[in-house]
Amino acid sequence: MTRPVAVIGAGPFGLSTAAHLRARGIPVRVFGDPMVSWRDHMPEGMLLKSTPAASNFDCPQPGHTLADYCDAAGIRRLVADEDIIPAETFIGYGEWFQQRLVPGLEQVRVVAVDRDKSGGFELKLDSGETFTARAVVVATGLSGLAHLPAELKGAAADGPAPTSPVSHSSQHHGLGRFEGKELIVIGAGQSALETAALAAEAGARVRVIARGRGRVAFGAPPWDQPKLRPESPFGNAWSLWALSYYPHPYRYLPEATRHYLVRRVLGPLGAWWLRERFETAVQVQDVERVVAAEAPDGSPVLTVRTHGGRTERLGADHVIAATGYRVDIAAMDFLGHELRTRLAVSRGTPKLGPGYVSSVPGLYFTGLPAASSYGPVMRFVCGTEFASPRLAKHLAAAHG
Ligand SMILES: Cc1cc2nc3c(=O)[nH]c(=O)nc-3n(C[C@H](O)[C@H](O)[C@H](O)COP(=O)(O)OP(=O)(O)OC[C@H]3O[C@@H](n4cnc5c(N)ncnc54)[C@H](O)[C@@H]3O)c2cc1C
C-alpha cells in the first residue's frame, strides 16, 4: 500500500497544507483536534485582530474563503477591513473548511515520530496504532509552547495553572471566574490587552503590567492608515508589505536579525477597536521589569522595578502571564530523540530550507515553528498563502 504523508495539526496551517496536498492527489493522514487553540486556549468572546482578507485558509479549491463560509452559514459577510471577526465565527469557518476539504481528519494525538529504516517515518498514535509515512508535516502551532518568564516561576512552583497563583493566558477560555477579584495581567500584546478587557467586563478589577519598552499602544484604524505606503495584511508600511508578500529571502538574513524580527515586528500592539473598551475598564502600570514573583499566602505578589529605579511590591488574587509562545524543538516531545538530535536548529527553532523542509529530508515544519526561517508572517493565518503551496510543491517533487 502507498505510504501516506502525515500532517500533524488541524489548525489553520495543518488544514491548509492538507488541502494543498490532497489537491495534488497525494495520500494524506491528518491528525489533531480541529481549531483547538482557538476553541480552548483563547478567551471566550475574543475578536480577531486580523482583517477578513488576512484570515483565509489558503487552498487551491475555490469557494473556501471566510466570506464563502459566511454565505454558506447565512451570517453577515465579513469582507471589509473594518469588519471585525468574532472568534466563534472563525472557529466555525475552520470546522467548515475541515469538513469540506479534509474530511478524513483523525482526532487522535501523534505521540511519537521516528525515522524508519527505509528512509520514511514511523508514527505512533495515542490510539495505539503504528504506521509508516513517506513524509511528515509538523503543524502543531501553539501547542505546548506557552512561555512563562523565569522571574514568574517563584509563584508557580508546579507550573502555571488557573488554580495556582500564576497562570498563562493560554490556560483560560471563560474569564467569569475572576468576577469580583483583583487580577494582574502581564504583557502588552493583543492577547494581554484583550484578556484584560474581557476580564474587566466580566467583573474583575484588572491591572495590566507592561514591561520594558512594551508600553501599551494601539494600532491605527483602517481609515487612518498612511495612504502613500503599500497595503499589507497588517497595515500600510513598506516593511510589513515586504515581510508579508516576499518572505523568500528571510532565510538568508543573519541569525540574530531573523530572531529579532520575529519577536519585534508586529509585536505588542492592541487592535484599534479595543482601545476604548480597554481604556475605560483597565488600569495600566508601566514598569521597567518584573524582578520576582512569590505566593507567600497562596496569593501572588510581584516585585517590580519602576522606571524611576524604585522597587515595588504588587499583590492580587491572581496573575495571568500573557507572555506569548516560544518555539523550542525540545518541547516537541513527540519527535523522537534521534530525530531531534539530527535536526539542525537555530536557538531551538528548526532551520528550514526551500519548501519548508528541515535538515531531515521528508520532515517539514509550517506555522509558528517556521517563523524564524520565513519571518513573522508565519505567526498568522495569512501566512498559509505563502507557506502551503510551496510546502506542497516541494513535498510533491521530493516524495510525491
Ligand atoms: C490570543 C491569540 C489571538 C490570535 N489572534 C490572531 C488573529 O487575529 N489572526 C491571526 O492570523 N492569528 C492570530 N493568532 C495566531 C494564531 O494562533 C495562529 O495564526 C494560528 O492558530 C496558527 O495555526 P496553526 O495551525 O499553526 O496552529 P494551531 O491553531 O495552534 O493548531 C495546532 C494543531 O495541532 C494539533 N496538535 C498539536 N500537537 C499534536 C500532536 N502531538 N498530535 C496531533 N495533533 C497535534 C492540535 O490539536 C491543533 O489541531 C492569535 C493567537 C493568540 C494566542
Side-chain angles (χ1 to χ4, degrees), residues 6-18 29-58 66 84-87 89-91 93-95 97-98 102 105-113 123-127 136-147 168-173 185 187 189-196 198 219 233-234 244 266 270-271 273-274 320 322-325 327 331-335 356 365-371 376-385 387-388:
V7 175
I8 311 176
F13 277 88
L15 294 174
S16 163
T17 308
R29 288 184 70 174
V30 189
F31 304 98
D33 190 350
M35 302 301 285
V36 68
S37 291
W38 295 83
R39 208 176 47 245
D40 292 350
H41 301 290
M42 298 188 196
E44 190 177 10
M46 189 185 105
L47 304 171
L48 265 67
K49 189 177 173 189
S50 57
T51 59
S55 303
N56 296 314
F57 296 10
D58 193 70
L66 176 66
I84 302 164
I85 310 166
T89 303
F90 189 65
I91 294 166
Y93 168 50
E95 291 170 349
F97 184 100
Q98 179 264 307
V102 193
L105 173 73
E106 298 173 57
Q107 297 200 30
V108 291
R109 283 188 69 74
V110 174
V111 290
V113 181
L123 283 88
K124 193 167 179 201
L125 309 179
D126 68 359
S127 60
V136 172
V137 180
V138 177
T140 48
L142 312 176
S143 314
L145 302 180
H147 170 65
H168 187 269
S169 51
S170 62
Q171 295 174 314
H172 297 279
H173 181 57
V185 178
Q190 171 71 3
S191 170
L193 307 184
E194 195 169 13
T195 297
L198 286 164
F234 309 106
S244 304
L266 306 167
W273 44 259
L274 185 61
I320 296 181
T323 42
Y325 298 81
V327 178
M332 296 185 179
D333 54 5
F334 59 90
L335 294 176
Y356 291 72
F365 289 84
T366 188
L368 182 65
V377 69
M378 294 304 137
R379 290 168 32 212
F380 299 91
V381 175
C382 62
T384 59
E385 188 178 336
S388 304

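Remember, it's 1-based here, ligands and their atoms both numbered in the order they're listed. All values reported here derive from a predicted model rather than from experimental measurement. Because only heavy atoms are used, hydrogens play no part in the values below, and waters and symmetry mates are left out as well, while side chains stay in.
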- Test item: T366 side-chain N/O and A139 main-chain N/O as donor-acceptor pair under 3.5 Å: no
- Should I8 and V113 count as side-chain neighbours, where that means a heavy-atom distance under 4.5 Å? yes
- Query: For atom 37 (C) of ligand 1, what's the nearest protein heavy atom and its distance?
  - Reply: S143 OG, 3.2 Å
- Query: For atom 45 (C) of ligand 1, which of I85, T140, L125 has the closest heavy atom?
  - Reply: T140
- E385 atom CD: more than 12 heavy-atom contacts under 6.0 Å: no
- Note on the structure: Quick note on ligand 1: atoms under 4.0 Å from a heavy atom of Y325 include exactly 53 (C)
- Shortest protein contact, atom 50 (C) of ligand 1 (heavy atom only): M42 CE, 4.0 Å
- Query: Can any side-chain N or O of H173 pair as donor or acceptor with the backbone N or O of R39 at less than 3.5 Å?
  - Reply: yes
- Query: Are any non-hydrogen side-chain atoms of W38 and L48 less than 4.5 angstrom apart?
  - Reply: yes
- Task: Compare all side-chain heavy atoms of Y356 with those of T17 and state whether any distance is below 4.5 angstrom.
- Result: no
- Message: Parallel, tilted or perpendicular, judged at 30° and 60°: which one describes the rings of F90 and Y93?
- Response: tilted
- Message: Any nitrogen or oxygen of G367 lying under 3.5 Å from a nitrogen or oxygen in ligand 1? Just yes or no.
- Response: no
- Message: Can you check which of V110, L15, V36 brings a heavy atom nearest to atom 41 (N) of ligand 1?
- Response: V110
- Query: Counting N and O atoms only, with roles assigned by atom type, does the side chain of S16 sit under 3.5 Å from a partner on the main chain of F57, one being a donor and the other an acceptor?
  - Reply: no
- Which residue owns the protein heavy atom closest to atom 8 (O) of ligand 1, what's the atom, and how far is it? K49 N, 2.9 Å
- Is there a side-chain contact between V137 and F13, using heavy atoms and a 4.5 Å cut-off? no
- Item | Contacting atoms of ligand 1, where contact means under 4.0 angstrom from a heavy atom of D33 | 47 (O), 48 (C), 49 (O)
- Message: Is there a polar contact between ligand 1 and R109, counting only N or O atoms under 3.5 Å apart?
- Response: yes
- Task: Return yes if some donor-acceptor pair links the side-chain N/O of E95 with the main-chain N/O of M35 below 3.5 Å, else return no.
- Result: no
- Could you tell me whether the side chain of S170 reaches within less than 4.5 Å of the side chain of L142, counting heavy atoms only? no
- If you measure every N/O of L142 against every N/O of ligand 1, is any gap under 3.5 Å? yes
- Flag the pair T195 / H172 as yes when at least one side-chain heavy-atom distance between them is below 4.5 Å, and no otherwise. no
- Message: Given 3.5 Å as the limit, does a donor-acceptor pair link the side chain of T89 with the main chain of I85, or not?
- Response: no
- Task: Mark up the atoms of ligand 1 that fall under 4.0 Å of a heavy atom belonging to I8, in ascending order.
- Result: 40 (C), 42 (N), 43 (C), 44 (N)
- Message: Under 4.0 Å from a heavy atom of A139: which atoms of ligand 1 are those, numbered in the order shown and with their elements?
- Response: 32 (C), 33 (C), 34 (O)
- Message: Looking only at protein heavy atoms, which one is nearest to atom 44 (N) of ligand 1, and what is the separation?
- Response: G32 CA, 3.4 Å
- Task: Would you check whether V108 reaches within less than 4.0 Å of ligand 1, judged by its heavy atoms?
- Result: yes
- Query: Taking atom 23 (O) of ligand 1 as the point of reference, which of G141, P12, G11 owns the nearest heavy atom?
  - Reply: P12
- In the protein, what heavy atom is nearest to atom 16 (C) of ligand 1, and what distance, to one decimal place, separates them? W38 CZ2, 3.6 Å
- Could you list which atoms of ligand 1 come closer than 4.0 Å to a heavy atom of V381? 10 (C), 11 (O), 19 (O)
- Message: Suppose we measure from atom 22 (C) of ligand 1 to each protein heavy atom; which comes out shortest, and what is that distance?
- Response: F13 CD1, 4.0 Å
- Query: Which residue and non-hydrogen atom of the protein lie closest to atom 30 (O) of ligand 1, and at what distance in Å?
  - Reply: S37 OG, 2.6 Å
- Show which atoms of ligand 1 fall inside a sub-4.0 Å distance from at least one heavy-atom site of A10. 33 (C), 34 (O), 48 (C), 49 (O)
- Which protein non-hydrogen atom lies closest to atom 7 (C) of ligand 1, naming both residue and atom, and how far is it? S50 OG, 3.5 Å
- Note on the structure: Quick note on ligand 1: atoms under 4.0 Å from a heavy atom of R379 include exactly 15 (C), 18 (C), 19 (O)
- Beyond-backbone contact of Y325 with R379, side-chain heavy atoms, under 4.5 angstrom: no
- Message: Less than 4.0 Å is my threshold; does some heavy atom of M46 fall inside it relative to ligand 1?
- Response: yes
